[in-house]
Amino acid sequence: MATDNRAGDGGPDRTAKDRQLDAYRVDPRDTYLTTDQGLRVSDTDNSLAAGARGPTLMEDFHFREKITSFDHERIPERVVHARGAGAYGYFQVYEPLTEFTRADFLRDPAARTPVFVRFSTVAGSRGSADTVRDVRGFATKFYTGEGNFDLVGNNMPVFFIQDAIKFPDFVHAVKPEPHNEIPQAASAHNTLWDFVSLQPETMHMMMWLMSDRALPRSYRMMQGFGVHTFRFVDQNGRGTFVKFHWKPLLGTHSLVWDEAQKIAGKDPDFNRRDLWDSIEAGVFPEYELGVQLVPEDREFAFDFDLLDATKIIPEELVPVRPIGKMVLDRNPENFFAETEQVAFHIGNVVPGIDFTNDPLLQGRLFSYLDTQLIRLGGPNFAQIPVNRPVARVHNNQRDGYNQRRVHQGTTSYAPNSLGAGCPMVADASHGGYVHYQERVDGAKIRRRSESFGDHYSQAELFWNSMSDWEKEHIVAAYRFELGKVEHRHIRVRVVAHLAEVHPDLAARVAEGIGVEEVEKPSRSPHGDSSPALSQANARRDSVATRKVAILVADGVDAACVASLRETLAGVGAIPEVLAAWDGKVEGAGGETVPVDRAMSTMASVLYDAVVVPDGAASTRSLAGDGLAVHFVAEAYKHGKAIGLLGSGADLLRASRLEAMDGAGVVLQEGRGAADQAFLDAFVTALAQHRVWSRPTDRVPA
Ligand code: HDE
């Protein structure tokens with residue numbers, strides 16, 4: 001370009017429209033639109049044509065490049081875990097773990113290892129809703145000085161199957177049915193339950209899937225598990241079995257099913273938005289990494305097999321030892337470049353972390369690299385910024401699609417003398433990865449180990465460990481899912497398995513789905529429980545980032561609204577004022593009360609609690625507004641804290657809740673601003689997450 005136009009706002013190649021748009025540009029001098037070849041473009045709104053009404057010309061290289069690029073924007077979505085949300089952060093170990101592992105990043109408490117985490121659902125397509133009933137992926141890439149370590153886990157500690165060869169069968173069964181591609185992102189359909197009813201090793205995982213674990217309130221309030229038994233290896237080559245656990249510092253909390261279904265329509269991005277917003281607000285999600293360690297000589301000390309991914313090690317048998325903390329403090333710049341192109345691989349390990357013979361883990365070691373080759377277009381995806389290790393990379397791998405490195409020299413082979421023997425291999429003392437030396441000696445067979453044969457004991461352990469409300473939710477989930485199964489014989493087969501898990505569970509489910517005959521089970525319940533499995537014991541009474549709706553109309557007590565806003569924000573919650581319209585309402589004394597959102601754009605399911613401030617005229621309007629009445633009734637139905645001040649209490653009558661159980665409904669009789677007693681009681685109710693004792697099925701919402 002002959003003229004560099006950096007200095008001014010005018011110049012021969014700038015149009016009036018350019019100047020008009022300058023107001024929106026960060027730096028109008030430096031942001032010319034160019035082709036991929038760097039050529040400045042003078043018009044991107046009209047294709048080059050032969051006359052104003054004539055045909056488009058082939059020589060319009062800008063048009064062709066723009067459209068071609070657009071045509072190729074999509075890459076194949078992940079075959080599972082297609083929908084995800086990612087964030088960057090760091091991990092820091094509490095104390096050196098030298099006794100168990102030589103992994104560098106687990107030995108230096110002063111070091112912060114950068115991480116990228118991708119949370120995901122499993123079954124749905126990339127555009128499906130966040131809050132469906134599903135397992136959640138929890139995949140972490142640690143960019144360590146010794147290379148990338150990927151902990152590719154889920155939010156449930158077990159899996160559906162024991163051998164990776166069953167994975168295509170399972171995934172085909174749970175995905176939308178092939179003839180009509182229905183249903184999207186849902187397990188409640190014939191083929192999944194057909195498979196499950198014939199594959200009893202799924203039973204334990206199905207208990208988790210039917211539990212509230214499948215409906216996380218937030219990725220920030222969700223546990224993570226490595227699932228398989230891995231191996232730590234120390235400096236001397238000694239191995240220790242290890243299971244990985246992530247525990248969220250905000251506690252583990254879930255939505256209720258009715259709410260989750262409604263959110264899927266009101267805000268399909270609910271979990272993704274929540275993660276993004278909290279990081280933008282500087283309230284960083286935090287998780288503690290814990291390990292269960294089992295010395296190698298205790299490999300056979302349990303009544304289940306450590307290599308069986310359908311089993312947990314109950315925390316009461318082997319406690320989870322906290323070893324470090326992860327903080328997610330940065331959102332990606334670009335969803336596609338980072339969250340979509342990130343490539344996890346369970347085989348990305350560092351010295352000190354190794355595998356076991358878990359047949360599910362072994363199969364995954366093949367699958368992840370294989371899937372990235374097709375998804376990311378060839379073998380060079382580790383060069384994509386989000387996948388690039390911080391450790392230096394030198395090898396003799398060459399060429400291929402999307403090669404970005406300009407390799408130098410004449411050698412790409414080893415051994416060589418022309419390249420001074422480089423790159424050279426490293427032994428363990430120089431950071432080289434040396435595989436754990438496990439003795440393997442066996443006949444080639446296709447047979448599952450008999451030690452993998454018990455499919456019911458731990459499913460029962462899970463059931464026994466649930467609180468009453470968790471059991472209720474599990475029964476309701478089975479009834480819902482099986483209620484969508486059209487083939488009666490499949491329902492009967494599933495109930496027969498549930499009877500093996502626990503007769504009470506089977507009876508309660510059968511009653512709701514029209515199965516009258518429950519087969520007599522072949523085993524009797526052992527009665528054991530593991531309290532650590534219940535979400536009732538995984539609370540961390542915090543109100544940080546809990547969203548509270550304050551419903552107002554003209555005539556509201558402005559001081560009351562102000563006091564609520566201030567105190568709730570002060571304890572880390574997020575108050576939002578909602579009215580019939582956006583903008584503002586007029587307070588009882590003529591004050592301007594700002595409104596954050598119109599009620600019609602939101603819903604109670606998008607909040608953790610609701611408050612109705614004092615103000616006679618305001619309450620009257622709200623009581624006559626169907627949306628407001630429904631808002632309060634629905635919040636009640638979903639067990640949320642409800643605060644009512646002064647005349648606000650009239651909303652109870654309007655919402656037909658007057659005669660219902662008052663647990664979690666906080667009242668202030670006095671007029672005006674919220675007093676300390678009210679605020680304390682409300683914050684306490686909010687911190688409990690939900691009130692489970694309410695008779696929610698009687699609420700018409
Ligand atoms: Fe995966 N899994 N998986 N999986 N998995 C994939 O890899 C696979 C399993 C998990 O956010 C795929 O890049 C097989 C267990 C997560 O990018 C694929 C088996 C656990 C993610 C694949 C399993 C997981 C994946 C699809 C049976 C928990 C998303 C796209 C042996 C411990 C990672 C991709 C992300 C993704 C294969 C079972 C977790 C096809 C064969 C068990 C979190 O390679």
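One-based numbering, in listed order, for ligands and for the atoms of each. If you're wondering where the values come from, they're calculated on a predicted model, not measured in any experiment. Positions are given from 1, in the same order as the sequence printed here.
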Are [X] and [Y] within salt-bridge range, i.e. N to O under 4.0 Å?
| X | Y | answer |
| --- | --- | --- |
| Arg83 | Asp269 | yes |
| Arg136 | Asp134 | no |
| Lys247 | Glu315 | yes |
| Arg273 | Asp277 | no |
| Asp169 | Lys166 | yes |
| Asp274 | Arg217 | yes |
| Glu296 | Arg231 | yes |

Polar protein atoms (N, O or S) that approach atom 1 (Fe) of ligand 1 to under 2.8 Å =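 Sorted hits: Tyr368 OH.
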
Show the atoms of ligand 1 that are less than 4.0 angstrom away from any heavy atom in [X].
| X | answer |
| --- | --- |
| Leu360 | 27 (C), 31 (C), 42 (C) |
| Ala164 | 31 (C) |
| Gly226 | 32 (C) |
| Arg118 | 11 (O), 17 (O), 35 (C) |

inquiry  = Below the 3.5 angstrom mark, is there an N/O of Gln372, backbone or side chain, next to an N/O of ligand 1?
reply    =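 Min N/O separation from ligand 1 is below 3.5 Å for Gln372.
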
key: Close N or O approach (Arg375, ligand 1; < 3.5 Å)   = no

Minimum side-chain heavy-atom gap [X]-[Y] below 4.5 Å:
| X | Y | result |
| --- | --- | --- |
| Ile353 | Phe149 | yes |
| Glu288 | His245 | no |
| Asp150 | Ile346 | no |

Among all the protein's non-hydrogen atoms, which is closest to [atom], and how far away is it?
| atom | result |
| --- | --- |
| atom 38 (C) of ligand 1 | Phe159 CZ, 3.6 Å |
| atom 28 (C) of ligand 1 | Asn154 ND2, 3.2 Å |
| atom 33 (C) of ligand 1 | Phe344 CD1, 3.8 Å |
| atom 17 (O) of ligand 1 | Arg78 NE, 2.7 Å |

key: Among Gly153, Ala85, Gly84, closest by any non-hydrogen atom to atom 43 (C) of ligand 1   = Gly153

request  = State, to 0.1 Å, how close Asp130 and Asn271 come at their nearest heavy-atom pair, and which atoms those are.
outcome  =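 Taking Asp130 first and Asn271 second, the nearest heavy atoms are OD2-N, 3.0 Å.
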
task = First locate atom OG of Ser211, then atom CE of Met156, and finally report the distance between them rounded to the nearest 0.5 Å.
result =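 Nearest 0.5 Å value for the OG-CE distance: 5.5 Å.
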
ask   = Taking heavy atoms and a distance under 4.0 Å, where does Thr371 meet ligand 1: side chain, backbone, both or neither?
value =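 Side chain only.
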
